[in-house]
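A quick write-up on the structure given underneath.
These numbers were taken from a predicted model, which means no experiment stands behind them. Just follow the structure's listing: the first ligand is 1, and inside any ligand the first atom is 1. Side chains included, hydrogens not; waters and symmetry mates left out as well; all remaining heavy atoms used.
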Amino acid sequence: MATNKLLLTFAICRLIVTVGLTVDPTELLRLGVDGQLSVDPADVETASSDFGLMTRAKPLAVLHPASAEDVARLIRAAYGSAPGLTVSARGHGHSINGQAQATNGVVIKMSSSRERTAADQTSAAAAAARPQVSEREMYVDVWGGDLWIDVLKATLEHGLAPKSWTDYLYLTVGGTLSNAGISGQTFNHGPQIANVQELDVVTVGKGELLTCSEEKNSELFHAVLGGLGQFGIITRARIALEPAPQRVRWIRVLYSNFSSFTKDQEFLISLHGLPASQRFDYVEGFVIVDEGLINNWRSSFFSPRNPVKLSSINADGGVLYCLEITKNYDESTAETIDQEVEGLLKKLDFIPTSVFTTDLPYVDFLDRVHKAELKLRSKGLWDVPHPWFNLFVPKSRISDFDEGVFKSILGNKTSGPILIYPMNKDKWDQRSSAVTPDEDVFYLVALLRSALDTADETQSLEYLMHQNRQILRFCAAAGIKAKQYLPHYTTQQEWVDHFGDKWAQFHKRKMEFDPRHILATGQRIFTPSFAHNTKNTKPINTHNSIIASS
Ligand code: FAD
């Protein structure tokens with residue numbers, strides 16, 4: 001019986017490779033996979049959109065893979081298809097600008113969340129494969145579509161946890177590794193892409209599953225990390241672990257003076273590499289330009305037990321800065337935690353009356369943004385357009401950015417949290433595809449704003465997107481060499497400028513690993529070699545998308 005099924009599948013695959021896969025969905029459904037190739041309107045609808053809710057692109061079908069081999073089957077068929085077929089992996093669809101979409105192509109639904117849909121249940125072999133932890137060698141092997149929250153839960157059963165995080169854990173391993181994966185631990189451990197030991201990747205050219213690492217197929221390994229989905233589909237990642245802390249002391253302090261704030265942040269990240277007792281484990285921060293926002297969805301911390309009134313603090317130009325730091329501890333260090341925190345705080349120059357402290361289990365700290373998500377969902381404020389905009393700003397120009405953006409362009413109104421924290425460039429492996437500014441220290445500035453359909457035009461999508469463009473123009477005019485994180489561009493020249501010295505290598509890697517440019521076309525970096533049927537990505541509202549040609 002199994003042999004018959006195998007033979008049938010083989011025969012279908014051969015047929016497809018011989019005659020070429022057509023872009024007719026019924027033909028597509030003949031591809032033999034163990035999971036499910038779906039044209040169910042609900043699946044297609046989900047894959048047509050993303051968290052940004054600004055760009056729509058309808059795929060022909062959605063693959064729910066049962067295994068890495070299913071991914072390889074699809075890629076082989078798509079690569080061999082005469083009329084051409086694009087393929088995009090979709091993690092949890094938390095991109096902003098359609099990066100995981102595939103117009104008239106196939107979207108591979110990689111996410112194997114434990115909150116699976118009915119379709120997932122039928123193709124759940126991959127989803128059911130639990131992360132495999134090696135306690136002895138301190139790593140975990142995970143499916144590329146696993147959510148970080150599930151990775152955390154699985155590793156905690158062994159008293160272990162990954163070292164480097166994102167602020168929000170309902171993102172997939174493959175999705176964040178295709179960008180970088182950053183948070184307050186990055187200054188010390190590097191981004192998530194610096195904490196990967198090995199990957200399994202389905203490449204396009206050969207349609208085969210390759211294991212890659214520093215030692216093996218290293219060009220592919222470095223290409224894929226931060227590679228924006230351009231070089232292959234990550235089906236497995238081996239992530240480095242550390243003993244999991246039990247608890248977290250979480251502290252926020254306020255500054256009215258920007259240079260004191262950044263001086264302290266830079267001092268704190270310079271302590272990387274020191275014994276844990278002599279540094280914080282996490283350093284972030286955010287900007288408060290609007291009193292309403294002190295209790296926004298990312299800072300519920302302040303209320304209701306810690307209400308803060310901006311008017312009670314003498315803010316410089318109406319702007320306050322909040323430093324957010326944590327220290328991990330467990331039973332063995334519980335006795336010294338107060339002393340260690342006190343010793344570090346003494347070296348900082350914040351407003352003395354503005355110390356807000358809380359203490360919570362490690363997992364609750366890591367999963368903090370999910371609580372905010374649930375709150376926003378309950379108010380109908382989660383599924384709204386998100387014109388989020390992330391920049392890496394070189395340290396030497398961060399005060400110019402403060403003057404020009406926080407104190408000027410934003411005009412006392414933000415419509416969402418604005419994060420700001422520095423990172424050490426030497427924690428980033430320059431062989432990866434990720435792009436950072438050309439300075440030893442650079443800041444993430446993240447404008448995480450939601451557009452609302454209200455009478456207040458400053459909350460509209462058009463207004464917020466206009467501000468994003470204004471910020472880019474301001475940086476260009478002021479010569480601030482900022483780089484976009486989670487980049488989005490509409491012309492190839494902008495991509496060439498973004499990659500700078502790395503463009504030649506990025507292009508060469510593309511030609512080697514995806515010569516027909518069929519992968520992750522939603523990033524709009526390269527035009528597929530059969531561009532005729534991929535150009536109808538539909539922008540919603542004013543957002544214009546032009547596919548760049550190579
Ligand atoms: P998707 O958006 O589905 O995919 C992103 C890109 O990766 C696409 O091009 C896709 O084709 C490709 N891709 C996905 N899976 C694979 C795979 N297995 N193999 C190859 N390519 C693949 N980022 C941070 O760094 N730090 C943060 O703190 C952070 N916080 C966030 C909080 C929220 C609420 C949200 C919505 C996003 C946040 N992000 C953060 C951004 C996040 O890293 C990106 O959205 C990223 O794209 C991961 O999301 P995803 O897993 O849904 O991937």
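For atom 52 (O) of ligand 1, the nearest non-hydrogen atom from the set His92, Gln192, Arg90 comes from His92. The closest heavy-atom contact to atom 10 (C) of ligand 1, among the options Ala89, Ala237, Gly229, comes from Ala89. The option from Thr521, Leu171, Asp50 that lies nearest to atom 40 (C) of ligand 1, judged by heavy atoms, is Leu171.
Between Gly93 and ligand 1, an N or O atom pair is found at a separation short of 3.5 Å. Looking at Tyr168 next to ligand 1, no N or O pair under 3.5 Å apart turns up. In terms of N/O distances under 3.5 Å, ligand 1 is approached by His94. Residue Ser183 has no nitrogen or oxygen atom sitting less than 3.5 Å from a nitrogen or oxygen atom of ligand 1, judged on distance alone. Looking at Ile182 next to ligand 1, an N or O pair under 3.5 Å apart turns up. Some N or O of Gln99 is nearer than 3.5 Å to an N or O of ligand 1, by distance alone.
Ring-centre distance between His92 and Tyr170: not below the 6.0 Å cut-off.
In Lys163, the NZ atom is crowded: over 12 heavy atoms of neighbouring residues, nucleotides or ligands sit closer than 6.0 Å. Open room surrounds NZ on Lys508; 12 or fewer heavy atoms of other groups in view lie less than 6.0 Å from it.
Residues satisfying the ring pair (Phe, Tyr, Trp, His ring centres under 6.0 Å) test with Phe442, not counting sequence neighbours, are Phe392, Trp428.
Asn195 places a side-chain N or O within 3.5 Å of a backbone atom of Pro191 that can act as its donor or acceptor partner.
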* Take Arg377 and Asp383, measure what salt bridge (charged side-chain N to carboxylate O under 4.0 Å, His left out) needs, and give me the verdict at the end. => CA-CA 7 Å; Arg377 278 189 187 283; Asp383 293 322; 3.8 Å; yes
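Residue pairs meeting the side chain to side chain donor-acceptor pair (under 3.5 Å) criterion with at least one member in residues 435-445, sequence neighbours excluded: Glu266-Tyr443, Ser396-Glu439, Lys425-Thr436.
Ligand 1 has Tyr485 within reach: a non-hydrogen atom of the residue lies less than 4.0 Å from it. Proximity of Pro191 to ligand 1 is not established, as no heavy-atom distance is less than 4.0 Å. The shortest heavy-atom distance from Trp388 to ligand 1 is under 4.0 Å. For Ala180, the closest heavy-atom approach to ligand 1 does not fall below 4.0 Å. Within the 4.0 Å heavy-atom cutoff, Val369 does not count among the residues contacting ligand 1.
Proximity of Leu486 to ligand 1, defined as any heavy-atom pair under 4.0 Å, is confined to the side chain (atoms from C-beta onward).
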